[in-house]
Amino acid sequence: MAEPTPTASVPEPRHARVEHRITVPPDVSMVELLGLRDEVLRSIEDGFATVDVHVRGNEVTLAGPAGDVALVTRLVDELVEMAAAGTPLSPEVVQRSVTMLTADSGARPADVLTFNILSTRGRTIRAKTAGQKDYVDAIERSTVTFGIGPAGTGKTYLAMAKAVQALQARRVNRIVLTRPAVEAGERLGFLPGSLSEKIDPYLRPLYDALHDMVDPESIPRLMEAGTIEVAPLAYMRGRTLNDAFIILDEAQNTSVEQMKMFLTRLGFGSKVVVTGDVTQVDLPSATTSGLRVVEKVLAGVEDVEFCRLTSKDVVRHRLVGEIIDAYARWDGA
């Protein structure tokens, strides 16, 4: 008599109601996992209204549609791993984790959000999105990195963190920060005050990021010694920068000639990061932005990397990302 043919197991339909139990390891604090006044737990419940979440002791029980329960299970597993690594959890971490898990990018929230870039002044600077993590990794492995993307994506801030990290590790001897003073068309003579007073407003964002990462009382001493230099792009002409971490900010406001001039300042033992937003060019209409053409010029050049950040990488107010997307739709209409 013939053996009965085995029946292949049929996966649960996505909307079938299932229950799943997660046991949290004893070395993970449930208070840290659930958040202050259970704010992390409430954030999960608010984001997945179809899933019932029950916590008893160190067990988390999920009940609801199979697809949603599977996603929340992955989310809780990632949060457990982050809590075990000492990463503070918050509703923002939950939101960013869900974005990564649903993006099909392959990025794991625990890999991204526990990656420490710099610990300084009692705080730790980390990437907050998969795009930011890719950007930081590119800076680490390449000599020249371009970070191109909209406002609020951390282009300058993360580059500054990598510069301070390299200085602390003695991989470079100095940090050079520069940006074009373009909003006045480089016609600084028309502005009141001394040359320093005219330039400072254009360099203020670089100073702000620097003050977040270096003891403010030590900055004047470091600048006087030349360990940290903040200067307008025009001051870079004719120089060769060895053993330096060089950041060119607001690079969309460089001309093609200025971009070439800047990139050829690169010396031995140095690293360059160029940041900018090609949708916010302040150059005269007859001037082509050097940032808009440099990727075509340097295509195929080894050790040069281009990273594109998007509205999904914005780490400011939620509306900033939506505003960027709205303008992109308007420009494409």
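Values reported hereafter were calculated over all heavy atoms of this structure, with side chains retained and with hydrogens, waters and symmetry mates removed. Keep in mind the model is a prediction, meaning the values are calculated, not measured. Sequence positions, counted from 1, serve as the residue numbers for this chain.
Distance alone, capped at 3.5 Å, is enough to place a donor-acceptor pair between the S289 side chain and the Q252 backbone. Looking only at distances, a side-chain donor or acceptor of T310 sits under 3.5 Å from a matching main-chain atom of K312. Side chain of Q132 to backbone of T153: a donor-acceptor contact under 3.5 angstrom is found. Using a distance-only test at 3.5 Å, with no hydrogens or angles considered, a donor-acceptor pair links the side chain of D215 to the main chain of E217. No donor-acceptor pair under 3.5 Å is formed between the side chain of S142 and the backbone N or O of I139. Within the 3.5 Å criterion, the main-chain N or O of I117 finds a donor-acceptor partner in the side chain of Q165. A distance-only check finds no donor-acceptor pair linking the side chain of K271 to the backbone of R141 [under 3.5 Å]. S218 places no side-chain N or O within donor-acceptor distance of the main-chain N or O of V214, the cut-off being under 3.5 Å. For S270 (side chain) and L266 (main-chain N/O), no donor-acceptor pair under 3.5 Å exists by modelled atom type. Between the T87 side chain and the A83 main chain, no donor and acceptor come within less than 3.5 Å of each other.
Among all heavy-atom pairs drawn from A231 and T178, the shortest one is O-OG1, 2.8 Å. Considering all non-hydrogen atoms of both residues, V273 and A159 come closest at CG1-CB, 3.7 Å. A pairwise comparison of heavy atoms in M261 and L233 identifies CE-O, 3.7 Å as the closest pair. Nearest approach of T124 to S119, heavy atoms of both residues: OG1-OG, 3.3 Å. Across V176 and A244, no two heavy atoms sit closer than the pair CG2-CB, 4.4 Å. R292 approaches V278 most closely through the heavy-atom pair NH2-O, 2.7 Å.
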_Evaluate T73 against L71 for side chain to side chain contact (heavy atoms under 4.5 Å, CB included), listing each step before the verdict._
CA-CA 5 Å; T73 298; L71 179 56; over 6 Å; no
_Using the rule given for side chain to side chain contact (heavy atoms under 4.5 Å, CB included), can you reason through M82 versus L79, listing the C-alpha separation, both sets of side-chain angles and the distance that settles it, and then say yes or no?_
CA-CA 5 Å; M82 284 185 249; L79 295 175; 3.9 Å; yes
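Annotation: the span from L75 atom CG to I22 atom CD1 amounts to 9.0 Å, rounded to 0.5 Å. Atom NZ of K155 sits about 10.0 Å away from atom CG of L158, to the nearest 0.5 Å. In this structure, CZ in R108 is found 10.5 Å from OG in S97, a value given to the nearest 0.5 Å. For the atom pair N173 CG and N242 CG, the distance stands at 9.5 Å (nearest 0.5 Å). In this structure, L283 CG and T254 OG1 are separated by 7.0 Å, a value rounded to the nearest 0.5 Å. With rounding to the nearest 0.5 Å, the separation of CG in L206 from CD1 in I228 is 11.5 Å.
A salt bridge links D137 and K133; the closest N-O separation between the charged side-chain nitrogens and carboxylate oxygens is under 4.0 Å. With respect to E78 and R96, no salt bridge is recorded, no charged nitrogen being found less than 4.0 Å from a carboxylate O.
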Show every donor-acceptor pair shorter than 3.5 Å between a side-chain atom in residues 31-56 and any protein atom, with sequence neighbours excluded, or say none if there are none.
residue : atom : partner : partner atom : Å
R42     : NH1  : R37     : O            : 2.4
T50     : OG1  : D68     : OD2          : 2.6
D52     : OD2  : R17     : NH2          : 2.7

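Looking at T287 and P284, their side chains come closer than 4.5 Å, going by heavy atoms from C-beta outward. Between K162 and F245 the shortest side-chain heavy-atom distance falls below 4.5 Å. At least one side-chain heavy atom of I125 sits under 4.5 Å from a side-chain heavy atom of Y157. Contact annotation: the side chain of V24 approaches that of M30 to within less than 4.5 Å [non-hydrogen atoms, C-beta and beyond]. Side-chain contact between R171 and D243 is absent, with no heavy-atom pair separated by less than 4.5 Å. You'll find the side chain of Y135 reaches within 4.5 Å of the side chain of T145, heavy atoms only. Side-chain contact between T143 and V304 is absent, with no heavy-atom pair separated by less than 4.5 Å. Looking at heavy atoms from C-beta onward, Q258 lies out of side-chain contact with M236 at the 4.5 angstrom threshold.
In terms of hydrophobic clustering, with Ile, Leu, Val, Met, Phe, Trp and Tyr side chains grouped at heavy-atom distances under 4.5 Å, M160 and M223 are assigned to a common cluster. Tracing side-chain contacts under 4.5 Å through hydrophobic residues (I, L, V, M, F, W, Y), one never reaches V256 starting from F306; they form parts of separate clusters. There is no path of hydrophobic side-chain contacts, each under 4.5 Å, that joins V274 to V293. Both I148 and V301 are members of a single hydrophobic cluster when ILVMFWY side chains are connected at heavy-atom separations under 4.5 Å.
Residue-environment remark: CZ (R21) stays at or below the threshold of 12 foreign heavy atoms within 6.0 Å.
Applying the salt bridge (charged side-chain N to carboxylate O under 4.0 Å, His left out) definition to pairs two or more places apart or across chains, those involving residues 244-268 are R179-D249, R179-E250.
Residues D313 and T129 have side chains that bring a donor and an acceptor to within less than 3.5 angstrom of each other.
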